Amino acid sequence: MNFEYDNDNIFAKILRGEIPCIKVFEDEHTLAFMDIMPQKPGHTLVIPKESATTIYDLSDEACLSCMKTVKIVGKAIEKAMQSEGSTIFQLNGVFAGQSVPHFHFHVFPGPPVDLKDHAVELEDVEKLKLIANKIVACI
Ligand code: 5GP
């Protein structure tokens, strides 16, 4: 299903610099930053700069750019969090549980177990910055 893009969604505001984020990586087409309600320490989001709600709205070029960034950031997360593996997931549409209507990948260290609830508990910003610095150092 395709969705009308909402220019006022929170990630569009982050991309426009209207609200802050704890950035770990940025290139011409993508941005990666810490999830403020992480399900696990190291939980990071990768978004395209292109306006798209779901993977079905996203151009193939932007999709590829996101995958490249996911690989860079995911490897750094594994190294920074001393994890032998990582989980990458992505939700499309409210019915699937997508809560922010701008396409994004979730990346976190290890398997999808021992997770906190999705998008519920705000993390301490200083703690997020410490983890972000570790990830940045591994990119
Ligand atoms: P979704 O439910 O759409 O797959 O994931 C959205 C993610 O964005 C959630 O994991 C949630 O914790 C995160 N999130 C929601 N609002 C903000 C915000 O303002 N800043 C950041 N960095 N993450 C957010």
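Order of appearance sets the numbers: ligands from 1, and atoms from 1 within every ligand. We're numbering straight along the sequence, starting at 1. Bear in mind that the values here come from a model prediction, so they are computed numbers and not experimental data.
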Ligand 1 contact on Ile22 by region, counting heavy-atom pairs under 4.0 Å: neither
Any pair with a residue in residues 117-139 that passes ring-ring contact (aromatic ring centres under 6.0 Å, His included), sequence neighbours left out, goes on the list, sorted by first then second residue, please. His106-His118
For atom 6 (C) of ligand 1, grab the closest protein heavy atom and report residue, atom and distance to one decimal in Å. His104 NE2, 3.4 Å
Ile14, any N or O under 3.5 Å of ligand 1 N or O: no
Among all protein heavy atoms, pick out the one at the shortest distance from atom 22 (N) of ligand 1; state its residue, atom name and that distance to 0.1 Å. Met34 O, 2.9 Å
With a heavy-atom distance limit of 4.0 Å, tell me whether Phe11 approaches ligand 1 through its side chain, its backbone, both, or neither. side chain
Proximal candidate to atom 2 (O) of ligand 1 [heavy atom criterion; set His118, Gln98, His43]: His118
Give yes or no for whether the N/O distance cutoff of 3.5 Å, strictly under, is met between Gly97 and ligand 1. yes
Side chain to side chain, Glu121 and Lys116, heavy atoms closer than 4.5 Å: yes
Which value, rounded to the nearest 0.5 Å, describes the distance between Phe105 atom CZ and Thr69 atom OG1? 10.0 Å
For Ala119, the atoms of ligand 1 under 4.0 Å from one of its heavy atoms are 9 (C), 11 (C), 12 (O)
Taking only non-hydrogen atoms of Ser99 and a 4.0 Å limit, the atoms of ligand 1 in range are 1 (P), 2 (O), 3 (O), 5 (O), 6 (C)
Please work out which of His106, Gln39, Lys23 has its closest non-hydrogen atom nearest to atom 4 (O) of ligand 1. His106
Find the distance between NZ (Lys75) and SG (Cys138) and round it off to the nearest 0.5 Å. 12.5 Å
To the nearest 0.5 Å, how far apart are NZ in Lys23 and CD1 in Ile14? 12.0 Å
Please report which non-hydrogen protein atom sits nearest to atom 21 (C) of ligand 1, along with the residue it belongs to and the distance in Å to one decimal place. Ile36 CG1, 3.4 Å
Check whether any N or O atom of Val100, backbone or side chain, sits under 3.5 Å from an N or O atom of ligand 1, and answer yes or no. yes
Identify, for atom 15 (C) of ligand 1, the protein heavy atom at the shortest distance, and state residue, atom and that distance. Met37 CE, 3.6 Å
About how many Å separate OG of Ser86 and NZ of Lys71, when rounded to the nearest 0.5 Å? 12.0 Å
Measure the spacing between CG of Leu15 and CD1 of Ile10 and express it to the nearest 0.5 Å. 11.5 Å
Rounded to the nearest 0.5 Å, what's the gap from CG on Asp35 to CZ on Phe108? Could you check? 10.5 Å
Between Phe11 and Phe33, ring centroids under 6.0 Å: yes
Minimum-distance protein heavy atom relative to atom 9 (C) of ligand 1: Asp35 OD2, 3.3 Å
